2 protein chains.
Amino acid sequence: MSSPIYIQIYKVLKEKIVLGQLKPGDMLLSENELAQQYSTSRPTVRKSLSMIENEGYIYSYPGKGYYVAVPDHNKYTLVFNELHSGDYSINESKLLEVNVIVADEEIARVLQVPLQRKVIIIRRLLSVTEEPVAYDVKYLPYYRGKPIVEKEIQYATFPEMVAQKDSAFAIKKELCISIEYSQPIIEKSLYLKESRPMLVVDQRLFDQQNQPIGWGKTYYKSEYGKIKACSS
Amino acid sequence: MSSPIYIQIYKVLKEKIVLGQLKPGDMLLSENELAQQYSTSRPTVRKSLSMIENEGYIYSYPGKGYYVAVPDHNKYTLVFNELHSGDYSINESKLLEVNVIVADEEIARVLQVPLQRKVIIIRRLLSVTEEPVAYDVKYLPYYRGKPIVEKEIQYATFPEMVAQKDSAFAIKKELCISIEYSQPIIEKSLYLKESRPMLVVDQRLFDQQNQPIGWGKTYYKSEYGKIKACSS
DNA sequence: GAGTGGTCTAGACCACGAA
DNA sequence: TCGTGGTCTAGACCACTCT
């Protein structure tokens with residue numbers, strides 16, 4: 001029925017911090033005092049404190065004690081997936097091209113490969129109920145003997161494409177969101193009559209050694225481009 | 001010299017996962033086996049495992065064991081602060097207006113207050129080396145007796161403005177990034193000659209009871225609007 | 001020297017899963 | 001019934017901080 005002791009202590013202490021009864025810089029009671037107060041042992045109290053510490057609410061100085069931290073208001077958690085654009089969920093993905101090309105200057109620079117090096121290009125058109133909402137292009141360094149199964153690619157997100165080769169846990173990612181004007185090939189694919197500003201998500205993947213292993217850009221029609229995040 | 005035992009075990013196990021020697025779904029050795037293998041006690045092994053579990057690499061089933069998790073490739077950490085736009089750091093903030101207005105329909109809806117309710121409006125112009133790059137507007141519900149010190153507001157980020165009233169830890173935040181075309185008041189402030197697409201960051205703050213306590217929008221000139229995030 | 005947090009031990013009992 | 005992870009205890013020693 002009742003929750004574990006370390007959960008109870010955790011809740012009480014965290015509530016004091018969240019409600020402002022304990023303010024940033026304030027010192028908490030010592031582990032021994034808390035153990036006595038809750039009639040429990042020091043390891044149990046430490047479990048509660050380490051949970052709160054992991055969440056970033058407090059920090060500790062050896063030999064001194066625990067202090068309430070200053071909250072970082074700038075961090076957010078962003079969930080991005082080119083197949084779930086904001087409020088809309090992409091339910092149709094059309095493969096426009098899967099090919100091997102040679103790297104031009106920009107691709108070579110981003111993927112850190114020599115010019116003219118073979119690179120896989122994957123172009124997709126993403127739609128919501130038959131209406132095209134985004135144009136998506138990926139570049140991957142080409143390795144001989146790595147088969148490309150088109151069916152596996154069609155509805156795959158970028159990390160999934162790359163993870164087939166590398167360990168899924170080894171991938172580091174970078175996102176950059178900005179505005180770009182559409183290029184002719186995009187206008188043609190999305191049936192736009194003129195150049196328009198688009199929300200662009202630039203996605204770069206790196207392996208454990210920080211070597212680039214993938215570059216992707218997704219161009220959203222402005223009315224469908226909404227990227228959301230919330231407090232971490 | 002040598003690191004603590006639980007750190008050593010942590011590193012070995014995590015490396016096996018990151019390098020792909022242990023794949024998603026694989027079962028780890030039991031706590032007792034690991035304790036024996038490393039000639040240590042079960043609590044020490046548990047410390048290592050709980051660290052890896054907190055990082056999302058493994059999960060545990062009581063009575064069964066620990067398993068390697070399937071990585072979530074969609075989560076990113078976004079650091080946003082209206083005063084640090086992408087690559088550029090805003091070094092000049094000009095207060096255009098600090099005032100009390102009555103809520104129009106849109107403000108009333110977002111802040112969940114009655115129409116005509118008094119609301120504080122703060123408008124700022126953000127610049128990089130004398131060049132205006134962003135227009136920023138905030139709305140806060142007005143409470144009598146809460147003084148507005150203009151000097152404190154000028155270089156404050158949104159959560160800092162609101163945290164003066166509430167506990168700093170109680171604030172929940174939501175971000176929405178999208179494209180909007182500039183309105184006349186923005187064009188005038190940013191010296192734009194015509195309407196242009198802008199990168200808009202919509203920021204909403206809520207208290208512990210999910211009551212809105214602030215609404216802000218920052219309009220970046222498209223060439224300065226770059227929002228970055230990286231793997232969590 | 002007294003108190004603090006950091007690390008570690010060697011047990012205990014429980015609920016749960018599998019055979 | 002046996003092994004698993006989840007909880008908890010009551011100590012120990014260390015490095016550190018403060019006075």
Side-chain angles (χ1 to χ4, degrees), chain A residues 1-17 21-72 169, chain B residues 1-17 21-72 169:
Chain A
M1 185 56 234
S2 68
S3 47
I5 300 175
Y6 75 89
I7 295 286
Q8 295 176 35
I9 301 176
Y10 162 82
K11 284 184 181 171
V12 170
L13 292 180
K14 188 168 162 185
E15 176 137 318
K16 283 188 182 177
I17 296 172
Q21 294 170 21
L22 287 170
K23 294 191 193 311
D26 285 359
M27 199 170 98
L28 275 66
L29 294 179
S30 74
E31 295 178 351
N32 283 318
E33 286 170 317
L34 286 170
Q36 199 175 350
Q37 186 173 321
Y38 289 94
S39 306
T40 184
S41 63
R42 195 157 80 96
T44 300
V45 169
R46 280 180 63 77
K47 169 112 182 162
S48 311
L49 290 170
S50 74
M51 286 172 65
I52 304 178
E53 189 172 24
N54 278 336
E55 294 175 13
Y57 291 97
I58 60 175
Y59 59 91
S60 60
Y61 274 136
K64 296 181 73 177
Y66 288 87
Y67 298 85
V68 178
V70 177
D72 182 355
F169 287 99
Chain B
M1 184 57 231
S2 67
S3 47
I5 302 175
Y6 74 90
I7 295 286
Q8 296 177 33
I9 302 176
Y10 162 82
K11 283 183 181 170
V12 170
L13 293 181
K14 188 169 162 184
E15 177 136 317
K16 283 188 183 175
I17 296 172
Q21 296 170 21
L22 287 170
K23 292 189 193 315
D26 285 359
M27 200 169 98
L28 275 66
L29 294 178
S30 75
E31 295 177 351
N32 283 320
E33 286 169 318
L34 286 169
Q36 198 174 353
Q37 185 173 321
Y38 289 94
S39 305
T40 184
S41 63
R42 195 157 80 97
T44 300
V45 169
R46 279 180 63 78
K47 169 112 182 164
S48 312
L49 291 170
S50 75
M51 285 172 66
I52 304 177
E53 188 171 24
N54 277 336
E55 293 175 12
Y57 291 96
I58 58 176
Y59 59 91
S60 61
Y61 275 137
K64 296 183 73 176
Y66 288 86
Y67 298 86
V68 178
V70 177
D72 182 356
F169 287 100

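Just so we're on the same page: letters track the sequence lines, and every chain starts at 1. All values reported here derive from a predicted model rather than from experimental measurement.
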What does the list of N/O pairs under 3.5 Å between the protein and nucleotides 7-14 of chain D look like, with a distance for each?
residue : atom : partner : partner atom : Å
D/dT7   : OP1  : A/Y6    : OH           : 2.7
D/dT7   : OP2  : A/Y6    : OH           : 3.0
D/dT7   : O4   : B/R42   : NH2          : 3.4
D/dC8   : OP1  : A/I5    : N            : 2.8
D/dC8   : OP2  : A/I5    : N            : 3.4
D/dT9   : OP1  : A/T40   : OG1          : 3.4
D/dT9   : OP2  : A/T40   : OG1          : 2.3
D/dT9   : OP2  : A/S41   : N            : 3.1
D/dT9   : OP2  : A/S41   : OG           : 2.9
D/dT9   : OP2  : A/T44   : OG1          : 2.9
D/dA12  : N6   : A/R42   : NH2          : 3.3

Query raised in the report: For residues 27-37 of chain A, which residues have at least one heavy atom under 4.0 Å from DNA chain C?
Result: A/S30, A/E31, A/N32

Report summary line: Letter by letter from the 5' end, nucleotides 14-19 of chain C scores (B base, S sugar-phosphate only, - none; protein heavy atoms under 4.0 Å) --BSS-

Report summary line: Looking only at heavy atoms, the pair that brings A/G56 and A/A69 closest together is O-CB, 3.5 Å

Query - Shortest non-hydrogen separation from A/Y59 to A/V68 and the atoms involved - result: CE2-O, 3.8 Å

Are [X] and [Y] packed together at the side-chain level, in the sense that at least one heavy-atom pair is separated by less than 4.5 angstrom?
X     : Y     : result
B/I52 : B/I17 : yes
B/L49 : B/L28 : yes
B/P43 : B/Y6  : no

Please report, to 0.1 Å, the donor-acceptor pairs under 3.5 Å made by any side chain of residues 35-42 of chain A, with sequence neighbours excluded.
residue : atom : partner : partner atom : Å
A/S41   : OG   : A/T44   : OG1          : 3.3
A/R42   : NH1  : A/E31   : OE1          : 2.4

Report summary line: salt bridge (charged side-chain N to carboxylate O under 4.0 Å, His left out) pairs touching residues 54-67 of chain A, sequence neighbours excluded, are A/K14-A/E55

**Report entry** All side-chain contact (heavy atoms from CB on, under 4.5 Å) counterparts of A/E15, not counting sequence neighbours
**Finding:** A/L19

Query raised in the report: Rounded to the nearest 0.5 Å, how far apart are CE of B/M51 and OH of B/Y57?
Result: 11.5 Å

Query raised in the report: What do the steps show when you test B/V12 against B/Q8 for side-chain contact (heavy atoms from CB on, under 4.5 Å), and what is the final call?
Result: CA-CA 6 Å; B/V12 170; B/Q8 296 177 33; 5.6 Å; no

**Report entry** Rounded interatomic separation in angstrom, taking CD from A/E53 and P from C/dG5
**Finding:** 11 Å

Query raised in the report: Counting only side-chain N and O atoms of A/S60, is one of them less than 4.0 Å from OP1 or OP2 of C/dT4?
Result: no

